[in-house]
2 protein chains.
Amino acid sequence: MAITDPEKRILQAARKVFVEYGFVGARMQRIADEAGISKASLHYYFRSKEKLFDRIFAEYMDRVMPLLNTWNDDSDDWESKVRLFVRQLTTIYGDTSLHFMVQELRRDPAKLISRLEKKKRGRNRFITYYERLMADGLVREQDPRALAITMHAVCAYPQLNAPMMGAALRMNNKGYEAYLKNEYTEQATELLIRLMKK
Amino acid sequence: MAITDPEKRILQAARKVFVEYGFVGARMQRIADEAGISKASLHYYFRSKEKLFDRIFAEYMDRVMPLLNTWNDDSDDWESKVRLFVRQLTTIYGDTSLHFMVQELRRDPAKLISRLEKKKRGRNRFITYYERLMADGLVREQDPRALAITMHAVCAYPQLNAPMMGAALRMNNKGYEAYLKNEYTEQATELLIRLMKK
DNA sequence: AGCAGGGCTGACCAAATGGTCAAACTGGTT
DNA sequence: AACCAGTTTGACCATTTGGTCAGCCCTGCT
């Protein structure tokens, strides 16, 4: 609790509370407490719950969206590219609390759309890239869309639905988390590469 | 709006409202309206919001849980087994509103645990099955846990995070949904089978 | 008709919650 | 000291929401 800019303290508190409880479940009082100020002060800095939420949500959005469009690189070494991509996806999806975004996106899809239209220029880069690789005969012929979905699914889902998958594998919280971090990511990467290999 | 058992009408209304808004966002008044009765009547049948919610949640849980343990069959024809499994997963995950369960499970993981302990007898059946197949040299050698996760991920995620993936693929709602139903499921099945083949 | 009991509801309540406001406090400037 | 602008807050408000309750209505029984 260092003496820092109140606005930053508020944002940090809001992040925490919104991610944990979602927009509907979050309480302004709680955010104020967490930031160490009064609720009135909170409203002094951010006029409304909605305004504050939008700020937080946009933040997360801007961090995740680029991942849907990566793959600028045009090199032929797609294998290490996949490795890098998976590493990025899992880490960002992990500490970015994807579940928060999924939840809020469902509550108000308009938010995504408006924020998305701007960046929607051109086709998905992974797809373009993979099509090029196919044309050059470097990878297996298949619908790159299914591949794209699979990549994201394999990285995101185990974290998104951790309680269920952990239970299915008969692991407790710690064990499942450890498995994800220590073994699964590596295994998933290999699976994905195998899917693309000719 | 046929004249049916009020309790059934309530349950149906509750299902709809809880799934759409989640426990925190759901309103008892709304459920009552949807069921065509007064809020007081609603409380007459189900003492509290929590009690009503538990009933609904348990319902969904009982429908999804078996999927985590399928694979009774011991035949060697694992390929058609995979095909069947994927079909089941996608349909049940689809109309069962997996997002609802994921959301509520995160809100109160204890609910899963208590309801899970009962069925937690023995190991995961898919894993046991796959280990047998490996021992018999019928499939590729690999950690079946990663495979189990991948299967669920590939079936659930595209529906769970539809807005994001749809956007990533530059499709509108309808288009994305159509793609999932008409092509993706098939492609995903083939991907999974290819992952297991020797 | 009278009555009993379950189903159903309008009116009501207490608590929670997002938001407002006038007043107090702070540090810097003249 | 007087003043000013930006910051902070306790007290307060209107609304929403889960839940309660006394009583009405309906049906079947005597």
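Chain naming here is simple, since letters A, B, ... match the order of the sequence lines and numbering starts at 1 in each. Computed over heavy atoms, backbone and side chain alike; hydrogens, waters and symmetry mates excluded.
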* Give me the first and last nucleotide of DNA chain D, going 5' to 3', that has any atom under 4.0 Å from a heavy atom of chain B. => D/dT17 to D/dC21
* To do: Five pairs at each end of the helix from C/dA1-D/dT30 to C/dT30-D/dA1: take the axis at both ends and give me the angle between them to 10°.
  => 30°
Can a salt bridge be assigned to the pair [X] and [Y] using a cut-off of 4.0 Å between side-chain N and carboxylate O?
X      : Y      : answer
A/E79  : A/R83  : yes
A/R132 : A/D136 : yes
A/K174 : A/E177 : no

* **Of B/K16, B/R27, B/K39, the residue whose pairing with B/E34 passes salt bridge (charged side-chain N to carboxylate O under 4.0 Å, His left out)** => B/K16
* B/V19 versus B/Y60: any side-chain heavy-atom pair under 4.5 Å? ->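 SC-SC contact between B/V19 and B/Y60 confirmed.
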* Asked: Mind checking what makes side-chain hydrogen bond (donor to acceptor under 3.5 Å, both in side chains) contact with B/Y45, not counting sequence neighbours?
  ->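 None.
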* Under the side-chain hydrogen bond (donor to acceptor under 3.5 Å, both in side chains) test, residues paired with B/K49 that sit two or more places apart ->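 Partners of B/K49 under the side-chain hydrogen bond (donor to acceptor under 3.5 Å, both in side chains) test: none.
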* CD (A/Q159) with more than 12 external heavy atoms under 6.0 Å -> yes
* Using the ring of each side chain (for Trp, its six-membered ring), is A/Y93 parallel, tilted or perpendicular to A/H152, with breaks at 30° and 60°? ->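 Because their plane-to-plane angle lies in the 30° to 60° range, the rings of A/Y93 and A/H152 count as tilted.
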* Protein proximity profile, nucleotides 7-21 of chain C - base contact B, sugar-phosphate-only contact S, no contact -, cut-off 4.0 Å on heavy atoms -> BSBB------SBBBB
* Asked: Any ring pair (Phe, Tyr, Trp, His ring centres under 6.0 Å) pairs touching residues 22-42 of chain B, not counting sequence neighbours?
  ->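 Those involving residues 22-42 of chain B are B/F23-B/F53.
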